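Have a look at the structure below, then the notes.
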Number of protein chains: 2
Amino acid sequence: MLAIGEFSRLTHLSVKTLRRYHEAGLLVPAAVDRATGYRSYDGHQIPTAQVIHRLRELDVPLADVRRIIESGDPDRRAALVSDHLARLEAELDRTRSAVVSLRRLLDPDPVPLSVELRAVPVTTVAAIEDDVDGDSVAAWFAGALAELDAAIGTRTGPPGGVYDNSLFEEGRGHVLLHLPSADPPRRGRVRPVTLPAVELAVATHVGPHDDSDITYGELGSWVVANALAVAGPVRETYLVGPADDPDPAAWRTEIGWPIFRMT
Amino acid sequence: MLAIGEFSRLTHLSVKTLRRYHEAGLLVPAAVDRATGYRSYDGHQIPTAQVIHRLRELDVPLADVRRIIESGDPDRRAALVSDHLARLEAELDRTRSAVVSLRRLLDPDPVPLSVELRAVPVTTVAAIEDDVDGDSVAAWFAGALAELDAAIGTRTGPPGGVYDNSLFEEGRGHVLLHLPSADPPRRGRVRPVTLPAVELAVATHVGPHDDSDITYGELGSWVVANALAVAGPVRETYLVGPADDPDPAAWRTEIGWPIFRMT
DNA sequence: GTGCACTCTCCCCCCGGGGGAGAGTCACGT
DNA sequence: ACGTGACTCTCCCCCGGGGGGAGAGTGCAC
């Protein structure tokens with residue numbers, strides 16, 4: 001049996017950390033002296049400690065580590081691990097896109113933004129709407145667009161989206177994706193929806209959707225500078241999207257902010 | 001001028017977060033009503049908010065973000081950003097190696113470990129020693145080995161290292177790197193050092209150094225199972241290292257644990 | 001029996017926020 | 001001139017995954 005200090009030396013986990021893992025039920029000492037509280041570890045626990053160490057290096061949350069450790073089934077264990085690796089991969093994508101748009105933000109000679117005021121009449125479209133979490137918007141979007149395309153047949157115009165502000169403020173909100181349709185069907189989640197008339201300040205974002213925040217910000221600056229105020233959810237129109245061109249650099253998204261004049 | 005809520009909508013930063021950035025001096029409102037405490041933002045602050053947003057997505061610490069924002073010089077700014085990107089790259093390496101060694105740990109049929117007991121006599125070597133942080137060991141190692149090679153001329157045997165336990169326990173400790181030499185020189189940081197005689201439990205680790213923890217653990221299990229105790233700092237011998245073979249999978253490192261028999 | 005290394009619990013700190021309480025303020029409509 | 005609802009303020013507690021250190025108790029060798 002090993003004292004906690006010895007076990008710490010053997011596993012390269014600090015004594016503090018070992019106590020925490022005991023407390024969390026991750027790595028319970030083989031014995032605890034009930035009089036003194038001294039922890040005793042068994043040599044067989046070293047491999048487990050190693051696995052925990054590696055998983056923590058991958059930033060697997062302690063609760064997940066516990067699930068992985070406790071599942072005796074190697075298949076289920078492998079599944080849990082690869083789940084986390086997929087999450088890391090997603091994280092990496094996020095990082096990559098942040099780098100791209102950061103470079104764009106720090107670009108010393110930025111592309112000037114042209115903003116257009118446009119009155120949009122009442123429109124009836126084929127739409128799918130939902131309440132969605134901010135981090136699952138991309139997946140929702142892809143699914144909804146596929147279902148819309150299937151319901152419509154041939155596109156007569158580019159798809160559009162309507163995004164509630166709470167999606168950006170609180171990470172969750174109402175989202176609507178639509179395709180133009182002369183006679184919107186009711187099939188699956190697809191419904192005819194009538195969008196109200198609005199006056200939009202429109203700017204076109206070129207590039208992947210991840211850095212549309214930049215155009216959002218520029219558009220926001222413009223709206224403020226022109227003494228206008230924002231009224232209602234943002235609208236986007238995907239003039240050129242993933243379905244039209246595989247290269248994200250070629251995508252063109254119209255961002256429309258409903259406004260009213262502060263006269 | 002914009003109220004905090006409006007500014008939040010324009011930048012997609014939560015009100016809570018904007019207040020925190022004010023507190024941290026990162027993004028100070030253009031005006032604060034001294035009677036009510038209400039914050040007012042200027043439209044010109046939107047681009048700054050965007051940059052902060054992106055930097056935070058890259059997990060740049062708030063203090064660093066502040067330095068980047070405050071430095072008007074674009075060159076210095078670019079340097080600070082690319083510093084952080086280098087850190088992210090290093091992080092990615094760490095992640096990759098953790099994945100590799102995790103796979104190895106979960107390997108259902110592991111390579112059996114052979115451990116040898118070996119009496120090592122007193123030896124005098126050419127050495128560089130230092131107190132080093134755990135995360136800068138790799139860089140220190142490369143620099144020290146290059147300096148040793150330059151001082152020795154031609155190697156008459158593989159390099160070795162002696163690592164204080166506190167390096168693993170507290171993340172900082174005494175480190176010694178040495179090459180065999182009949183007549184150790186004194187040049188630069190190189191000094192003759194006499195290593196004491198020890199009895200070692202030796203195992204050979206095959207593969208990159210990142211996952212040597214695995215062999216450490218197996219060696220630890222063996223030591224415990226054979227009723228031995230650890231006495232003193234770990235020794236490593238780099239039989240095949242980066243200088244000998246560019247492929248990490250071919251590297252061979254002897255790990256030697258000083259022991260004494262608990263008779 | 002005495003010193004020293006070890007271990008125990010407990011509390012506070014770090015980061016970058018989120019949640020919510022309770023109070024004060026603004027602007028709109030009647 | 002007064003609601004009333006939306007907005008904003010400060011303040012405190014919470015999260016995860018530890019680190020630092022205080023103060024007290026223990027194990028072991030000399």
Side-chain angles (χ1 to χ4, degrees), chain A residues 1-9 11-27 29 31-41 52-66 84 133-135 165-166 168-172 229-231 260 262, chain B residues 1-9 11-27 29 31-41 52-66 84 87 133-135 165-166 168-172 229-232 260 262:
Chain A
M1 293 299 253
L2 301 158
I4 194 169
E6 269 173 297
F7 196 73
S8 158
R9 265 175 302 248
T11 57
H12 296 169
L13 290 165
S14 78
V15 170
K16 283 275 196 188
T17 301
L18 286 173
R19 285 201 270 254
R20 179 163 294 269
Y21 290 173
H22 176 195
E23 195 182 354
L26 261 187
L27 187 60
V32 178
D33 185 316
R34 73 182 58 198
T36 68
Y38 275 36
R39 295 164 178 86
S40 296
Y41 292 84
I52 295 176
H53 201 164
R54 292 306 170 179
L55 290 172
R56 285 300 306 140
E57 273 187 336
L58 295 173
D59 287 324
V60 180
L62 285 192
D64 293 9
V65 173
R66 183 173 173 183
H84 187 74
D133 282 328
D135 45 5
N165 258 317
S166 67
F168 307 112
E169 290 168 33
E170 301 155 29
R172 181 173 182 81
V230 177
F260 66 93
M262 301 199 302
Chain B
M1 295 298 253
L2 301 158
I4 195 170
E6 268 173 298
F7 196 73
S8 159
R9 256 161 279 158
T11 59
H12 296 169
L13 289 165
S14 78
V15 169
K16 283 276 196 191
T17 301
L18 285 173
R19 285 201 269 254
R20 179 163 294 270
Y21 289 172
H22 176 195
E23 195 181 356
L26 260 189
L27 187 60
V32 177
D33 184 316
R34 73 182 58 197
T36 66
Y38 274 37
R39 296 164 176 87
S40 296
Y41 292 85
I52 295 175
H53 201 164
R54 292 304 170 182
L55 290 172
R56 284 301 305 138
E57 274 187 336
L58 295 172
D59 287 324
V60 180
L62 285 192
D64 293 9
V65 172
R66 184 174 172 181
H84 186 74
R87 252 177 294 163
D133 281 328
D135 45 5
N165 259 318
S166 67
F168 308 113
E169 288 169 32
E170 299 155 30
R172 180 173 183 81
V230 177
F260 66 93
M262 300 200 301

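Given the structure is predicted, the values throughout are model-derived calculations rather than measurements. Numbered from 1 within each chain, the chains take letters A, B, ... in sequence-line order.
- The shortest heavy-atom contact between A:M1 and A:S40 is CE-CB, 4.1 Å.
- For the ring pair (Phe, Tyr, Trp, His ring centres under 6.0 Å) test, residues two or more places apart in sequence or in another chain that qualify with A:Y41 are A:F7.
- Not counting sequence neighbours, the partners of A:H12 by the ring pair (Phe, Tyr, Trp, His ring centres under 6.0 Å) test are B:F168, B:Y216.
- D:dG17 atom C1' lies 13 Å from atom CG of A:L13, rounded to whole Å.
- A heavy atom closer than 4.0 Å to some atom of DNA chain C occurs in B:K16, B:T17, B:R20, B:Y21, these being the qualifying members of residues 16-26 of chain B.
- For the OP1/OP2 pair of C:dG18 and a distance below 4.0 Å, the side-chain nitrogens and oxygens of B:S14 include at least one atom meeting the criterion.
- Against DNA chain C, the stretch residues 52-62 of chain A makes no heavy-atom approach under 4.0 Å.
- Taking only side-chain nitrogens and oxygens, A:R39 never comes nearer than 4.0 Å to OP1 or OP2 of C:dT7.
- For A:Y21, the side chain to side chain contact (heavy atoms under 4.5 Å, CB included) partners two or more places apart in sequence, or in a different chain, are A:L13, A:T17, A:L26, A:L27, A:I52, A:R56, A:L62.
- With rounding to whole Å, A:F7 atom CZ is found 17 Å from C:dC6 atom C1'.
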- Message: B:E23 vs B:R20, test: salt bridge (charged side-chain N to carboxylate O under 4.0 Å, His left out). Steps then yes/no.
- Response: CA-CA 5 Å; B:E23 195 181 356; B:R20 179 163 294 270; 5.2 Å; no
- Task: For nucleotides 25-30 of chain D, just jot down a letter per nucleotide in 5' to 3' order: B, S or -, based on protein non-hydrogen atoms under 4.0 Å.
- Result: BBS---
